[in-house]
Asks: 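The structure follows.
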Amino acid sequence: MERSFETEIELLRLGEGAVFHGEGILAVTKALLQSGVAYVGGYQGAPVSHLLDVMVQARDYLDELGVHVEPCTNEASAAAMLGASINYPMRGAVTWKSIVGTNVASDALSNLASAGVMGGALIVVGEDYGEGASVIQERTHAVALKSSMWLLDPRPTLPNIVRMVERGFELSEASNTPVIMELRIRACHLRGSFEARANRAPAVSTRHLQDGPPAFLYERLAHPPEIFRQEKLKSTVRMPAARRFIVERGLNETFDGPERELGIIVQGGLYNNLVRALDQAGLADCFGASRIPILALNVVYPLVPEQIREFCAGKRAVLVVEEGQPEFIEQEIGTILRRGDLQTRLRGKDVLPMAGEYTAEMILRGLEQFVADEAPQLASGASAAWIEKIDGLRERANRALGAPLPPRPPNFCVGCPERPVFAAIKLAQRDVGAWHISTDIGCHALATFEPFSLGNSILGYGMSLAAAAGVAPTQTRRTMAIMGDGGFWHNGFLSGVSSALLNGSDSILVIMKNGYSSATGTQELLSSPPEEAKQAAREKSAAAANTAIESTLKGAGVKWLRTVHTYRVAEMAKTLREAFRTPEPGLKVIVAEGECQLERQRRIRPLVAAALKAGERVVRTRFGVDEDVCSGDHSCIRLSGCPSLTVKDSSDPLKVDPVAHVNNDCVGCGLCGEVAHAAILCPSFFRAEIVQNPGWWDRALWRLRSTVIGWLAPA
Ligand code: SF4
Ligand code: SF4
């Protein structure tokens, strides 16, 4: 990865009493070290990628502490790493994006939760739920419930998040149970400060080795007949121990208020949004002093029945603010109240939406109804006024625009090497006809948006080829699966390729070999360009590419295998046509090779800047459109989709339609020229070289050219 986390690593080194200023997810990373974690693993994904990325770059420092860090190939291997805490008094932490990552990790997690742990085991998940989410909308809560793992949802302030990491390990050890900490997008990116403590070197570590395995204990294995005893332990020993710890160590927080006949029970992670809503309703100040008492659940599973009953006793009504569905917490509180014979009215999903993110606005709408029903004397009209203002703003914006704002879907980066493959697919489909495309998770999924609109199903990371298995035998044409190299190593090889080979599948697989797990932040893979190749790219010399994917495929028995550079659109289209028309049976794989442009630009930009500063000659390639030639039909835009290829008004008064135009963001990848050539479009594209710090030869050539052009086209 070309991005540097030097500043973040310095924050990890902070000692006792120093003040940490930074983001929530980095505070978690620091808290892991303060807790004496012995090993860290995970699979990157927003919004928790930072944790692992920083840890991986901080390897030298972690080595001083004796902490082992490992970027895993998927979440299942990360979860399995926690097996170290079953037999050894070692604290371990792993991280991934949930719910998708938790699904992948579920098998290992079930086994871990059954066997139980000796050392604290903490799973930090990015709860990718709500407006900024990029995955299916489900909650980690369901997984915690089914496997009996405790679930933390910390109130988003940095000191509290850090406290919950430290207590999370202790809770895990006190109850021999793995603990999950869910962090919403806003909690991960929240900024703040806390007083740091010194990092703790773990007692068992890469610097303090153990002499051999532990004594053999069958009870530590999730295997029959032990599994039956372990199931009982969950409810009879581990759960009561966890509940005791939660109460004794004050993990949940109560905020009192004068309106004691009412109460609000909120998932800790939603506390800030709740306070904002209360503030707008005139029921709290912006620092959180609420008139209605609040129970903030930093631990959302397990609930402690005595604590819930104590909070609800004597109250006329309680509002449960719980995001997503089903309403696990509300249902359990209903049971707790009923079993305690408390008559407190339970409100929640009857006034708040069942699905979707609970923004302050959403909570306020529910709160307004709750107050109107339960304590109308508290309704000041402030919330209604705020809601009216928001609705009014939306309406005014719609009126001014004449229609709701058009959606602005995400797009490939400028110069992305994956975009040309989709241009080639469009061209090949003109000859072969449309075919079923089973797509995957990764940057290439951006091709499901305009202008490509390619892809018929997404079944999970690395699952595209497996997802085509049921479709392929029912189609007149072969089916195509697309996956990235990230997806290939994550799950695609085992779930897709091996199954297709075993079953003699006659479908086509395109692997986008851009060299990194790009969609998650450009982390390195088994098939990343070797360091010599990166160096060679800098020096413009040739170096052997990484052929791990090709060798793996050949070794597994793939016979029809082609590697094509992605920017060669015509060649890619030809290879695609061949894959669809060849009589050769079996799986056909096209490796689409082209380094991630984001990573390439990160590497090249500082080098170019340094060269310019040193006065060296630097040549930059740019593409452009000759507006005198452009006919204005915009076929190039529909086939390319590059954000740099846009439109502008023609300076020719006789041309009514806007002409194509390449703006200054162009990185000179050459796709537009390739597309124009492969699709036999108008010849309006030109390639230009911008020379900075020109030498005498450049200047002489320029003078000569200007003179000749002046003769041919006098001003
Ligand atoms: S991160 Fe890389 S692979 Fe992903 S869209 Fe950008 S250039 Fe393409
Ligand atoms: S050459 Fe064309 S496709 Fe490539 S970055 Fe420039 S405008 Fe975009």
Side-chain angles (χ1 to χ4, degrees), residues 1-3 44-46 49 53 134 409-424 426 439-449 451-452 461 482-488 510-525 527-529 565-569 572 592-605 620-627 630 634-648 659-679 681-682 684-690:
M1 173 187 274
E2 300 292 334
R3 192 173 160 199
Q44 63 281 344
S49 294
D53 290 346
S134 59
N411 200 342
F412 293 102
C413 300
V414 173
C416 172
E418 301 191 353
R419 180 182 284 113
V421 179
F422 295 97
K426 282 203 147 187
T439 192
D440 214 287
I441 304 293
C443 293
H444 47 85
L446 296 170
T448 55
F449 297 117
F452 301 113
Y461 199 19
I482 300 173
M483 69 175 75
D485 38 9
F488 177 82
V510 174
I511 301 174
M512 300 288 192
K513 189 179 155 195
N514 66 30
Y516 308 86
S517 175
S518 301
T520 54
T522 61
Q523 292 81 9
E524 305 253 325
L525 300 166
S527 51
S528 289
H565 203 282
T566 61
Y567 293 112
R568 292 186 196 128
V569 177
M572 181 62 79
E593 175 135 29
E595 191 186 0
C596 167
Q597 190 69 226
L598 182 66
E599 196 69 343
R600 190 167 173 274
Q601 289 300 321
R602 277 178 181 159
R603 190 169 63 238
I604 285 172
R605 266 191 197 129
R620 191 158 73 91
T621 308
R622 275 277 317 273
F623 277 72
V625 174
D626 184 342
E627 68 163 278
C630 175
H634 308 146
S635 316
C636 52
I637 294 176
R638 282 191 292 278
L639 274 170
S640 150
C642 173
S644 279
L645 183 55
T646 177
V647 288
K648 69 167 190 184
V659 288
H661 168 67
V662 175
N663 71 20
N664 268 339
D665 294 336
C666 169
V667 294
C669 74
L671 170 62
C672 24
E674 279 284 332
V675 165
H677 172 68
L681 301 179
C682 67
S684 50
F685 284 92
F686 63 82
R687 179 175 175 273
E689 286 188 345
I690 301 168

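This structure is a prediction, so every number in the text was calculated from the model and none was measured. Atoms considered below: every heavy atom in the structure, side chains included; atoms not considered: hydrogens, waters and symmetry mates. Remember, it's 1-based here, ligands and their atoms both numbered in the order they're listed.
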Asks: For a quick test of reading the model, state the closest non-hydrogen atom pair linking Ser644 to Val414 and the distance between them.
Replies: OG-CG1, 3.5 Å
Asks: Do the ring planes of Phe412 and Phe452 sit parallel (below 30°), tilted (30 to 60°) or perpendicular (above 60°)?
Replies: perpendicular
Asks: Checking Asn411 side chain against Gly641 main chain: does a donor-acceptor pair fall under 3.5 Å?
Replies: yes
Asks: Counting N and O atoms only, with roles assigned by atom type, does the side chain of Ser49 sit under 3.5 Å from a partner on the main chain of Gly45, one being a donor and the other an acceptor?
Replies: yes
Asks: Return the set of protein N, O or S atoms whose distance to atom 8 (Fe) of ligand 1 is under 2.8 Å, each given as residue and atom.
Replies: Cys416 SG
Asks: So, with waters excluded, how many protein N/O/S atoms does atom 8 (Fe) of ligand 2 have closer than 2.8 Å?
Replies: 1
Asks: Indicate the atoms forming the closest heavy-atom contact of Ser527 with Asp485, along with that distance.
Replies: OG-CB, 4.0 Å
Asks: Does one side chain, of Asp53 or Gln44, offer a donor that lies under 3.5 Å from an acceptor on the other?
Replies: no
Asks: Where the side chain of Arg638 meets the backbone of Pro451, is there a donor-acceptor pair that is under 3.5 Å apart?
Replies: no
Asks: Counting N and O atoms only, with roles assigned by atom type, does the side chain of Arg568 sit under 3.5 Å from a partner on the main chain of Glu674, one being a donor and the other an acceptor?
Replies: no
Asks: Between Asp626 and Ser684, do the side chains contain a donor N or O and an acceptor N or O under 3.5 Å apart?
Replies: no
